Structures are given as structure tokens and as C-alpha cells.
Amino acid sequence: MEIRNKRLTDDEFYEIRKTVLNQWPTGKDVDLEEAFAFHKSLPDSKIFSKKLNEAKANRITLVQPRAGVALVQKHIELLTYLQDKGGADLLPTTIDSYTRQNRYKEAEIGIEESVKTGKSMLNGFPAVNHGVAAVRQVVNSIDVPLQIRHGTPDARLLTEIVFAGGYTSYEGGGISYNIPYAKSVPLERTIADWQYCDRLTGIYEEAGISINREPYGPLTGTLVPPSISHAVAIIEALLAAEQGVKNITVGYGQCGNLIQDVAAIHTLESLTEEYLHKYGYNDVVVTTVLHQWMGGFPQDEAQAFGVISWGSAAAALSHATKVIVKTPHEAMGVPTAEANAQGLRCTKQVISMLRDQSVDENSLKEEKEIIIAETKCLLNKCFELGNGDIALGTVRAFQAGVLDIPFAPSRYNAGQMLPVRDNNGAVRILTMGNLPFTKELIDFNHGKIDERAKFEKRKASFQMAIDDVYAISKGRLVGRPRG
Amino acid sequence: MEIRNKRLTDDEFYEIRKTVLNQWPTGKDVDLEEAFAFHKSLPDSKIFSKKLNEAKANRITLVQPRAGVALVQKHIELLTYLQDKGGADLLPTTIDSYTRQNRYKEAEIGIEESVKTGKSMLNGFPAVNHGVAAVRQVVNSIDVPLQIRHGTPDARLLTEIVFAGGYTSYEGGGISYNIPYAKSVPLERTIADWQYCDRLTGIYEEAGISINREPYGPLTGTLVPPSISHAVAIIEALLAAEQGVKNITVGYGQCGNLIQDVAAIHTLESLTEEYLHKYGYNDVVVTTVLHQWMGGFPQDEAQAFGVISWGSAAAALSHATKVIVKTPHEAMGVPTAEANAQGLRCTKQVISMLRDQSVDENSLKEEKEIIIAETKCLLNKCFELGNGDIALGTVRAFQAGVLDIPFAPSRYNAGQMLPVRDNNGAVRILTMGNLPFTKELIDFNHGKIDERAKFEKRKASFQMAIDDVYAISKGRLVGRPRG
Amino acid sequence: MEKKTLVMGVIGADVHAVGNKILYHAFTAAGFNCVNLGVMVSQEEYINAAIESNADVIVVSSLYGHGELDCRGMREKCDEAGLKGILLYVGGNIVVGKQPFDEVEKRFKEMGFDRVFGPGTPPETTIAALYEDLGVQPPEETEE
Amino acid sequence: MEKKTLVMGVIGADVHAVGNKILYHAFTAAGFNCVNLGVMVSQEEYINAAIESNADVIVVSSLYGHGELDCRGMREKCDEAGLKGILLYVGGNIVVGKQPFDEVEKRFKEMGFDRVFGPGTPPETTIAALYEDLGVQPPEETEE
Ligand code: B12
Ligand code: B12
């Protein structure tokens with residue numbers, strides 16, 4: 001059956017649900033009614049959507065780290081530390097990579113090894129293996145709202161377990177947790193699986209429990225032009241809304257040019273709202289998240305603080321609803337609690353110093369127009385390809401290279417498009433592949449890149465893109481030729 | 001004799017010089033001709049003015065730390081570390097506080113104690129006590145240009161010794177090294193003593209050795225409105241130019257609001273050039289320096305990195321010729337070499353990430369107009385009070401409170417003016433004292449402050465200023481009421 | 001309440017004026033009679049002012065790093081001047097560089113200071129200590 | 001020059017594709033015959049590809065932190081498959097967290113890897129090591 005952007009019927013949903021809950025023994029502990037009751041017992045201060053809505057109303061930017069370790073107690077200690085010593089407004093539970101691939105047996109080995117060696121041998125928290133009761137232990141121990149962050153193509157069981165466990169926010173989506181996170185999972189599959197996750201969110205919503213959903217914005221985190229990630233975010237917002245999701249945070253990974261970044265956050269919010277309304281979803285609250293630079297970091301911690309701060313500045317000046325924080329250990333490995341808290345404190349300092357400042361609207365005008373025009377080209381073509389259905393259109397768009405994410409591992413991504421920075425560090429598109437841009441937009445991109453090529457006295461090429469990939473880790477934004 | 005902005009005659013200069021070189025035994029080792037020869041032997045790469053001119057031409061921002069310890073070898077080690085591990089483009093030698101007060105005997109005790117305890121018991125390098133040969137050891141050991149940074153009201157002997165020692169840049173001025181750095185030294189005295197230092201610079205210049213001079217921009221470093229520090233910087237530039245100085249770096253201490261900071265650096269350069277030309281000094285090269293936040297810092301190092309980065313961003317986006325760097329130890333004490341290098345690397349990361357970005361001119365317009373209008377009010381009144389002579393006018397302006405520096409220790413400063421931040425964090429003036437502003441400018445300042453007062457639902461007052469003094473150290477820019 | 005008198009200032013060649021101005025404001029609001037000597041105060045000046053004003057306590061600030069050199073012998077000079085047992089406080093950035101505070105405290109206590117405070121100590125802390133050591137209460141109305 | 005063949009890929013459940021794409025580009029430009037398996041490569045896939053292509057070296061990348069779990073037993077599997085003595089390189093962010101590199105290197109060498117590289121090792125370093133270990137020279141014309 002071909003994929004459609006259509007709400008799953010109860011019959012469809014509960015039919016699938018039987019097999020989902022059987023994927024791993026812990027699935028049997030999930031009981032919806034009892035889970036609703038648990039959620040209703042939570043104080044407002046632990047509810048993600050409430051805190052986001054409040055932040056949006058007050059135009060402040062909340063800070064949230066990434067964090068997750070193998071064992072429950074250690075994970076609670078870690079989160080408590082980040083809450084108390086880092087001042088995190090929101091906390092995550094990052095899931096390990098085996099769980100993300102539904103390799104629960106390997107996750108089990110990781111847990112055992114972690115117990116044995118006394119250090120986390122997993123790069124995240126294996127929530128499925130731990131099960132509902134353990135997840136609730138985390139929720140009960142922490143004072144601020146909690147979100148699951150992962151990168152799981154088939155996250156259905158995970159969603160069931162952590163929702164039942166009391167998590168009030170959940171990252172991911174059928175595109176954003178496939179193309180950057182998988183090699184050979186068909187897009188129809190992940191979109192369908194994420195319809196399940198979204199429908200489950202809708203079911204909670206209908207029971208009076210508003211769980212926040214966050215399409216994963218930064219994709220590969222590596223020179224992704226705003227219009228590309230905007231298109232994906234908006235599609236996932238539409239898919240989620242169709243399943244009954246009412247509280248959505250759309251995301252964007254900082255590119256590094258301030259004007260482009262601020263314009264990106266502003267247009268991300270306005271375009272998402274525009275498309276939601278256009279397609280009849282009128283009661284969804286949209287908030288935004290900026291991810292501090294998601295590409296390669298400098299190894300030196302002092303330099304890393306510089307990168308972290310610049311991401312914080314972009315978040316504050318664009319008044320994103322929240323910012324996801326990197327740490328001074330980023331280039332080296334999963335951070336210690338201490339390093340993670342340092343990233344948070346550095347970020348909070350910058351965010352709160354800048355909260356009363358903004359970027360002049362006039363200076364954003366051109367960049368906003370470009371992002372809007374590009375994003376609309378992409379989305380309109382997707383709808384066209386799907387004969388009006390965005391789920392179908394998305395699958396066909398990826399096949400056609402109409403949606404194309406740079407440096408992605410998935411074989412369902414064309415990988416024809418090549419981005420490079422322009423002379424001011426904004427990310428532009430050198431090789432269009434099959435992006436359905438107008439001539440004006442193509443000319444604009446190439447004109448900007450030409451300026452740089454002239455300045456650097458070299459041709460724009462794959463080598464230029466490589467230089468840009470390394471640039472920030474080597475202390476620059478634009479990867480100028482050496483020597 | 002009343003002070004005049006008039007070049008010292010050779011007779012006057014060499015007459016004074018006799019007593020200056022006798023202030024401490026090391027004075028006798030200064031020999032001008034031999035010093036010229038030493039300077040001429042220096043490679044271009046060690047000459048401050050050359051490096052600055054080049055940076056100005058290329059619109060890049062150089063980074064420079066503060067640093068100085070009691071003993072020569074330790075000082076060389078420190079600077080070498082900052083050069084090699086910090087990547088400093090320019091290096092300083094910060095002079096200790098006893099030397100700044102000409103208390104050479106106490107400095108001598110500090111040196112002895114430092115030898116005994118094995119740690120620097122002085123907060124800087126006592127160059128006068130060490131003498132010319134030791135200073136040259138430093139110059140010979142370091143590859144980048146060197147500057148003396150101090151805060152010395154009567155710096156004549158120090159100037160003689162370090163110029164003879166081969167330093168190619170020198171900070172300070174008759175106002176900026178008096179009012180924030182002394183309690184009871186008359187302004188006539190310090191202006192006259194700095195005319196000596198400037199004339200000495202002029203004499204080197206005439207011998208073909210261009211030594212860079214830098215009026216000290218940030219003054220008390222605490223909520224100094226741009227127009228106040230601009231007025232002082234421009235006066236000191238005029239005083240220096242009259243004595244034959246040809247390479248001047250005017251400075252400004254970051255206030256924290258990006259628009260105000262960028263507007264400040266731009267207007268500082270243009271106004272200085274304007275006034276120099278207006279008064280007939282047509283061959284002076286003017287460059288700019290932004291000092292990262294000079295007021296109280298947060299104690300936490302991660303937060304301090306946030307403050308450092310924001311200062312770096314202001315420097316880069318305003319294309320200041322150089323930036324003076326703080327360290328993560330700022331709130332605690334004189335930094336270790338390691339902490340100092342961290343500040344440098346963090347700064348370099350931000351500076352070079354942002355070097356290809358600027359702030360939109362349009363958004364700077366209002367703020368530039370205000371700074372220019374305020375600065376001209378101040379300067380024109382100074383000229384008026386001095387019957388056209390800026391040296392005399394300056395002395396009278398301070399007497400009258402026409403120039404008034406907040407939180408200054410000097411009894412020759414009126415201390416009537418009180419600054420507070422506005423609702424966007426820009427520094428404005430609440431209590432004018434005797435500042436000669438037009439009604440429009442007063443209304444502008446008060447209007448901005450009223451906005452904030454309304455927002456905070458309290459009256460603007462000394463308490464508001466106190467809250468602003470503490471704000472950055474407590475993680476904010478604007479000192480909002482607690483609770 | 002009988003007003004207690006304190007002599008305050010920044011010692012040595014130190015010109016850090018900001019904290020001094022704020023402390024003066026805070027101490028006055030807290031009900032003390034303050035003789036503020038400002039910056040660059042010598043040991044003799046503190047002592048003379050304390051004798052003249054019949055002070056209960058001398059509050060020494062040092063920010064610039066030379067505190068250790070500047071404060072030596074202060075207790076002895078007080079004793080000689082007849083200020084035996086007068087309360088001596090010191091605070092600020094009293095040594096050069098970031099040093100472990102307990103060691104610093106120890107050295108200054110050995111020099112005869114009754115209380116030693118680390119970098120960035122808020123006025124409220126200092127005032128609470130003064131109330132305690134002088135056995136007085138906050139004034140009824142504080143400027144808030 | 002006879003072209004040496006290398007098999008490369010990112011091991012385990014790891015999807016970090018950026019470095020892999022760039023390494024492929026760099027190795028090819030440096031004159032190697034590259035079989036790039038991309039991301040999410042199992043030990044078996046490396047070994048099969050190495051047998052098929054008669055490879056001289058297997059270059060394992062691991063970025064995501066599970067390298068230690070994923071790489072265990074790889075040398076033994078190579079031996080069993082008849083790839084005795086084949087060069088084994090591993091690099092990337094091969095363990096969880098920031099750990100002292102010499103300890104990490106030791107553990108991976110004990111697992112049978114010939115060369116172990118830390119985070120952010122530039123392609124040039126890897127290529128230099130390959131030239132050395134395989135006794136070959138850079139191609140005359142490199143893409144510069
Ligand atoms: C971009 C990125 C991502 C992107 C990847 C997109 C994609 N599909 O490629 C996204 C956002 C999807 C992602 C996801 C995850 N990531 Co990630 N990611 C990064 C990041 C920021 C940059 C990686 C990169 O592209 N660098 C640029 C390229 C050019 O460099 P490189 O990858 O290091 O490769 C070079 C060298 O290492 C070397 N090299 C590589 N292999 C080999 C082999 C040999 C033999 C030699 C000699 C050299 C060598 O040459 C390469 C070319 O120069 C790094 C941190 C960093 N480095 O700053 C984290 C990082 C690698 N990720 C990490 C983690 C944990 C994850 C996640 C689990 C999620 C999470 N917790 O946040 C998931 C894992 C998903 C999975 N199953 O793999 C951790 C790994 C932790 C550890 N080892 O302790 C890192 C270090 C971040 C951190 N500090 O926590 N990530
Ligand atoms: C602003 C500033 C300046 C301004 C001062 C302007 C002026 N005239 O007031 C200028 C730029 C001129 C300056 C000059 C110098 N400074 Co300065 N300065 C600072 C800075 C950034 C803030 C100080 C401040 O105003 N804070 C705000 C006020 C409200 O706080 P406070 O001063 O700490 O005072 C509060 C508390 O400490 C406490 N307190 C104070 N005294 C006492 C006493 C007691 C008993 C108690 C309980 C509490 C207490 O209450 C006060 C009110 O809340 C500090 C670093 C920092 N803190 O971030 C460096 C700092 C104090 N300066 C320092 C130095 C070395 C100097 C210089 C030698 C130059 C140099 N090397 O850069 C010169 C010295 C000149 C001289 N002769 O004194 C060092 C001291 C190093 C050390 N102790 O190891 C510091 C720590 C910076 C550093 N890390 O290197 N400085």
C-alpha cells in the first residue's frame with residue numbers, strides 16, 4: 001500500500017500496536033490508561049509543552065543539553081548534575097545507538113559491560129531494555145521537563161515505553177531520523193513508523209496529555225542550507241499534525257552566519273505556521289529550537305567555548321524558544337557531566353546577556369526572502385509530486401533528488417546536491433542536483449558563491465566544500481585555501 | 001604655568017629629561033642614539049605599528065592579552081607561552097602597581113619576595129627596576145610586537161626605559177592614566193607628564209622609528225558611555241599628535257549591546273580622524289582597539305568564556321584593529337599562563353569565525369548619530385572652556401564636571417554623572433551632572449531609561465546602576481530587579 | 001540602636017574604586033556610621049581614622065593583588081597605636097592569582113585579621129558578619 | 001606504481017558519513033584503489049570485501065563511541081577467513097568519551113589493530129602511514 005498523509009484509524013493503530021509491544025519483553029508493561037494517569041499526576045513544572053509555551057510568550061530562550069548513559073542510576077545522577085550545576089531548563093535522555101537500530105540484544109551486552117567496567121560502554125540510555133518502571137524512576141527523580149532524543153528509524157516501541165514512562169517531549173521524524181541516521185531503510189517505512197509514533201502522541205493528546213514533538217532539525221549537521229532543513233521540518237510538522245499532534249518544535253542547526261541563522265529561525269516559525277494553517281491544522285502551537293553548530297568541532301576546549309558561545313548568540317538574537325547545547329568535549333567524545341554543565345553555563349551566560357537584544361529586521365529582509373522562496377519551491381514540488389499528498393510526495397521527492405540532504409548516509413538520498421559557503425560564511429548551494437529552484441534562486445546561489453571564488457582566486461568545487469567541512473574545527477567559518 | 005597643548009621645545013624636553021633619568025638608578029642606562037640603533041635592528045615582524053597598519057588594511061582583528069610577572073625570565077616564559085600556545089598576534093608587558101605609582105622601592109621588595117617565595121608577588125613586570133638591558137632581553141626573546149600596558153600617572157622614566165629597551169607600542173595618556181588610576185594627582189600634572197612621553201615618542205618618530213601610542217580607552221571599565229570615553233580618547237590623540245606621534249590606536253571598552261558597541265568602534269575611528277584633520281594633524285594613522293568587557297566578571301570559568309566570546313564577537317563584527325582579551329580567571333586573580341592562553345584561543349576562534357561578517361550599516365545609524373552628537377558636545381565644550389586650547393580645556397572640563405567618568409577614584413573627577421543601562425542593555429546616562437548635552441540628547445537618554453524603568457516597574461536610581469554593575473558577573477547584561 | 005562605626009578603604013597602591021563605592025552605600029544603608037577613606041589608603045591612614053572616629057572595626061579592601069605585601073604588620077601597628085583588639089576585616093582579590101582560598105585565609109589570619117573574605121563576597125555576607133561580630137541588629141527601615 | 005587496495009567503512013551501527021566520504025576522496029586522490037563500504041559495516045562485510053578485492057589493508061572508522069564493542073574479535077575473524085596478517089587500521093572517536101589516548105591505543109593494539117588513530121586525525125597522517133606500511137610512494141600527480 002502506498003504511503004499517505006492520513007490519520008491512522010484506531011483499528012489500524014491498535015493492530016500494529018500488538019506486534020510493536022512484542023518486539024522486546026519490556027513492551028508488555030505498557031498500559032495506556034495507567035500511563036495517562038501517571039502523566040496526569042505530573043506537576044506542571046515537568047511538562048515540556050507548558051514550559052515551551054511560556055518561553056515563547058516571554059520571548060526567552062531555554063537551554064537544553066544532550067546526555068545519556070547506559071545505567072539508570074548513573075543516568076539520574078547525570079541529569080541531576082546538569083539540572084543543578086548546569087542550570088538546564090530542559091533535560092534530555094539521549095538514546096544509545098544500538099537501541100536506535102532496534103538492536104536490543106547488543107544494547108543488553110552494552111548494559112552488562114557497563115556494569116562490569118564501571119563506565120558507560122553505550123553512547124546513550126537504552127530505554128527499551130530498561131523498561132517503563134526504570135524510565136519512571138528517571139522522571140520521578142528530575143524536576144524539569146524531559147525529552148527523548150535519539151535518531152531511531154523505527155522508534156515505535158521506544159515511543160510506547162517512554163511515553164508510558166512519563167516523558168513529555170519526543171524528538172524525531174520519518175525523514176529526519178532516517179536519511180541522516182540510516183543507510184538502507186526505505187523512506188516509506190520510516191514515514192509509516194513515525195505516523196505510528198505521531199498517532200500515539202495524538203492519542204495522548206486526546207486524553208488531555210499534550211506531549212511535545214520535535215522534528216529533528218539539523219539533519220547531517222554539516223552545511224545543510226536552511227531551506228532544505230526547513231522543508232523537512234515543515235513536512236514532518238504536517239505529518240505529525242495529521243496524526244493529532246498539537247505541540248511542535250521545529251529545529252534548525254546553526255550555519256554560522258548570523259544573518260542567515262536569525263533569518264532561518266524567523267522563517268522556520270512563520271513558514272511552519274503558514275503551512276499548518278494552509279492545510280487546516282489550526283490549533284498547533286509552534287515553537288523553535290536552534291542547535292549550536294552541529295558539524296565538526298575544534299578539539300581545544302577554549303576554542304570549543306568560542307563555538308558554543310556563537311551558537312548561543314545566534315539562538316538569543318533570533319529568540320529561538322530553546323537552544324541545544326554542545327560541550328567543550330564535543331570533538332573528543334561523549335562529554336563528562338562536568339564538561340556538559342560547562343557548556344550549559346557558558347550558553348546561559350550568553351543567552352541571558354543577549355536576551356534583550358535583537359537583529360534589525362531590515363538587515364534580515366533579503367535572507368528571509370531567499371529562504372522562504374527556496375523552501376516554497378521545495379515544498380510545492382513535493383506536494384506536486386504526491387498529487388497533493390505530502391507523504392507520498394516526500395518519498396517521490398527523495399527519489400527524484402528534489403529533496404537532497406548533503407553528506408547523508410542513506411541510499412535513499414540522491415546525494416547530488418553540494419553546498420559551500422559564500423564569502424560571508426552563509427551556506428549556499430553550488431551543485432543543485434535536482435533541486436527544483438527557480439532560475440533566480442539558482443543565480444542568487446551561484447552569484448554568492450562566485451563572489452567567494454573570485455575572492456579566493458579558485459574555482460568553487462568539492463575541495464571548497466571539504467575545506468568548509470573542516471573550517472570550524474580549524475578555527476574558521478569559511479574554509480579559505482591554505483598558504 | 002598653565003597647561004597648553006603645545007609641542008615641548010627641545011630645550012624644555014631635555015631640561016626635564018635630566019631629572020627624569022635620575023628618578024631611579026636604571027635611568028642612567030638610557031642612551032637615545034644607541035636606542036635608535038637598537039630599534040633599527042628590529043625586524044618588521046616585531047614592529048607594532050607595521051602589524052597594526054597591515055591589519056587595518058586587511059580589515060582583520062588582531063588579538064592581544066594582558067600579562068606581566070615580577071621576574072624577567074618568568075616574564076619571558078609567560079610571553080613565549082602566550083605566543084606559542086595562545087597564538088597571540090601582539091604581546092603586552094603589564095607593569096605592576098608599585099611601578100605605576102613610582103614606588104620603585106616597594107617594587108624592589110616585591111622582586112625580592114618573588115625570588116624568595118618562587119611565585120610572583122607583584123601584579124606585573126617592574127620594568128624600571130629591571131632596567132634597559134633586561135627589557136631588551138624580553139624584546140629579543142619574543143617574535144611578535146610588544147607593548148607596555150600600565151596605568152601610570154607619571155610614566156616618564158618608564159617610557160624612557162622601555163623605549164630604549166625596544167618596545168614599539170605604549171599605552172596610556174594624561175587623562176586615561178590619571179582619573180581611573182589615581183586618587184589625588186592633578187590633571188595638569190599628568191597631562192604635562194604625558195606630553196613628555198608623547199614628545200619622546202615624537203623624537204623616536206623623527207629618528208625614523210614609529211612607536212605606536214594607545215590612549216587607554218576603557219577608563220574605569222564600568223558602565224562608561226561611549227561618548228565619554230571617545231571624548232577622552234580623541235583629546236589624548238590630539239595631545240599626542242601635537243607632540244609628533246604618528247601612529248595612534250584609540251580604544252573602547254565593550255559595553256555589551258552589540259549595536260552600541262559596533263557603532264562605538266566605527267565612530268571612534270571616524271571622529272578621531274575628523275578631529276585630527278580639523279586641527280591640522282594630517283599624517284597620523286588611526287587604528288582601533290576593543291577591550292572585552294572590563295567590568296566585573298563571573299567567577300565560573302565557563303560563564304567567563306561566554307563573556308569573552310561576546311567581546312570577541314563585538315570586536316570582529318565591528319572590525320576593530322585589535323581586541324584586548326580577558327581570561328577565564330578574570331574574577332579570581334591574575335591569570336595563569338594557561339588560563340590566559342585559553343582566553344586567547346577562545347577569542348581567536350570567534351574572531352576568525354566572524355571575520356567575514358559585519359553589522360548592517362542601517363541598523364547602526366541612530367546609535368552612531370547619538371554617539372557622534374554626544375561626543376561633539378563634550379569636545380566642543382572642552383575647546384570652548386580652554387579658549388581653543390584642548391589641554392587647558394580638558395583641565396577645566398573636569399573641574400566643571402563637563403567631562404565626568406563614572407566610578408572613578410580621582411578627586412579631580414566630579415563624579416556627578418550616573419550611567420545605567422537601557423532596556424536593550426545599551427549604556428545611557430541617568431544623572432547628567434554637568435555634561436553639556438543638548439536637550440535632545442538628554443531627552444534621548446532619559447527616554448531610553450524610562451522605557452526600562454517602566455518595564456521593570458521601578459524608578460531609575462543608584463540602585464539600578466548598582467544592579468547593572470553586578471549584572472554581568474551574575475550572568476545578565478541588564479541588572480533586572482531580583483525576585 | 002547605637003550606631004557602630006567602621007573605617008573602610010582600599011589599601012596600598014590599589015585604585016579599584018567601584019566595590020568601595022558600593023560597599024559604602026551598602027554599609028550606610030545597613031545602619032553603620034562609615035568613615036570611607038576611598039582608594040590608596042596606607043595603614044597609617046586607617047589607624048588614624050579609626051582613632052579619630054573611635055571606630056569599632058576596620059574594613060580593608062584589596063583588589064589588585066598586592067594585598068599580602070600591603071597588609072603585613074597592620075595588626076601590630078594597630079596594637080602600637082592603642083587599637084588593641086579592634087576588629088580587622090579584609091576582603092577582595094587579596095592575593096595575586098587564583099589560589100586555594102583556605103590557604104589564603106590562613107595566611108591572613110596569621111597576620112592578625114579577624115575575618116578574611118574571598119573574591120566577589122557580596123555586601124550582604126559582610127554585613128551579616130558585622131552584625132554578628134558587633135552584636136547589633138539591622139536598622140528597622142532599610143533602603144530597599 | 002602498482003596500486004594498493006584498501007577496504008574502508010564505518011563499523012557497527014555507526015552512521016557518521018562525513019568523514020568517510022572525505023577519506024574516500026583523499027585515499028583515491030592519494031593513489032589507492034578504494035573499496036568504500038560506507039557506514040554501518042559489519043565485521044563480516046569488511047572481511048568479505050577484503051577477500052573479494054584482495055585488499056592490502058582494512059581501514060575501520062568508528063565515530064559514535066561503540067568502537068570498542070564493535071571491533072572486538074575482528075583480528076581473529078580475519079585470521080579465520082584466511083586474511084592472516086592483513087593490515088588493520090582503526091581511527092575516529094573510537095571509545096565513549098574523552099579518554100587518555102595512550103590507554104585507548106593500547107587496548108586496540110591488544111585487539112590486534114596495527115595502527116590506532118585518535119580523534120580528528122587528518123587524512124594526510126593516515127595516508128603517510130599507509131605509504132609507509134605498504135612501502136609505496138605518492139602518485140606523481142596529486143589532485144591539489
Ligand atoms: C556531524 C556529527 C553527527 C551527525 C552525523 C551525520 C552523518 N550521518 O554523517 C549526526 C548529527 C547525525 C550525528 C549523530 C550521532 N552522533 Co555524532 N557527531 C558529529 C560530529 C559533530 C562531527 C563528525 C564529523 O562529521 N566530522 C567531520 C569529519 C570530516 O571528521 P571525522 O568524522 O572525525 O572523520 C575524520 C577523522 O576522524 C579521520 N578518521 C575517521 N575515520 C578514521 C579511520 C582511520 C583509520 C584514521 C586514521 C582516521 C579516521 O578522518 C576523517 C576525515 O578527516 C562529531 C563530533 C566532532 N568531531 O566534532 C559528533 C560525534 C562523533 N557524534 C557522537 C555521537 C554520540 C552521536 C550520536 C550517538 C548522537 C548523540 N549522542 O548525539 C549519533 C550516532 C548516530 C549513529 N548511529 O552513528 C559522538 C561520539 C562520542 C564518542 N565517541 O564518545 C561525537 C564525538 C560527539 C560527542 N562528543 O558526543 N553526529
Ligand atoms: C574594573 C577593574 C579595574 C578597573 C578599576 C577602575 C577603578 N578605578 O575602580 C581598572 C581597569 C582601572 C583596573 C585596573 C587594574 N586592575 Co583591575 N579589575 C577590575 C575588575 C574587572 C572588576 C573590579 C570591579 O569593579 N568589580 C565590581 C565590584 C562591585 O566588585 P569588587 O571590586 O570585587 O568588590 C566587591 C567585593 O570584592 C567585596 N569586597 C571588596 N572589598 C571587600 C572587603 C571585605 C572585608 C569584604 C568582606 C568584601 C569586600 O565587596 C565589593 C562590593 O560587592 C576586576 C576583576 C573582576 N572582579 O572581574 C579586575 C582586577 C581586580 N584587577 C586586577 C589588576 C591586576 C589590575 C591592574 C594591576 C591592571 C592589570 N593588570 O590589568 C590595575 C591596578 C591598578 C591599581 N593600581 O589598582 C586583578 C587583580 C589580580 C589579583 N588580585 O590577582 C583583577 C582581579 C583582574 C585579574 N584577574 O587580573 N581594574
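Model, not experiment: these values are computed from the prediction. Below, chains carry the letters A, B, ... as their sequence lines are ordered, and counting in each starts from 1.
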Under 4.5 Å from any heavy atom of chain A, what part of [X] do you find: side chain, backbone, both or neither?
{"X": "B:L344", "value": "neither"}
{"X": "B:P298", "value": "side chain"}
{"X": "B:V359", "value": "neither"}

Check your understanding: B:G256, B:A304, B:A302: which one forms the most heavy-atom pairs within less than 4.5 Å of chain A?
Key ->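 Top option by heavy-atom pairs under 4.5 Å: B:A302.
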
Point to revise | Option in B:V307, B:I259, B:I308 with maximal non-hydrogen atom pairs under 4.5 Å from chain A | key: B:V307

Review point. Which one, A:I472, A:V478, A:V350, leads in non-hydrogen pairs under 4.5 Å with chain B?
Key: A:I472

Review point. Roughly how far, to the nearest 0.5 Å, is CG of B:L317 from CG of A:L258?
Key: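 Nearest 0.5 Å value for the CG-CG distance: 7.0 Å.
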
Less than 3.5 Å apart and able to act as donor and acceptor by atom type: which atom pairs between chain A and chain B qualify?
unit_1, atom_1, unit_2, atom_2, d
A:G256, O, B:Q357, NE2, 2.9
A:L258, N, B:Q357, OE1, 2.9
A:D300, OD1, B:R345, NE, 3.0
A:D300, OD1, B:R345, NH2, 2.9
A:D300, OD2, B:R345, NE, 2.9
A:Q303, NE2, B:Q349, OE1, 2.9
A:S309, OG, B:S309, OG, 2.9
A:R345, NE, B:D300, OD1, 3.0
A:R345, NE, B:D300, OD2, 2.9
A:R345, NH2, B:D300, OD1, 2.9
A:Q349, OE1, B:Q303, NE2, 2.9
A:Q349, NE2, B:I472, O, 3.1
A:S352, OG, B:G475, O, 2.4
A:D356, O, B:N424, ND2, 3.0
A:D356, OD1, B:R480, NH2, 3.1
A:D356, OD2, B:R480, NH2, 3.1
A:Q357, OE1, B:L258, N, 2.9
A:Q357, NE2, B:G256, O, 2.9
A:N424, ND2, B:D356, O, 3.0
A:I472, O, B:Q349, NE2, 3.1
A:G475, O, B:S352, OG, 2.4
A:R480, NH2, B:D356, OD1, 3.1
A:R480, NH2, B:D356, OD2, 3.2

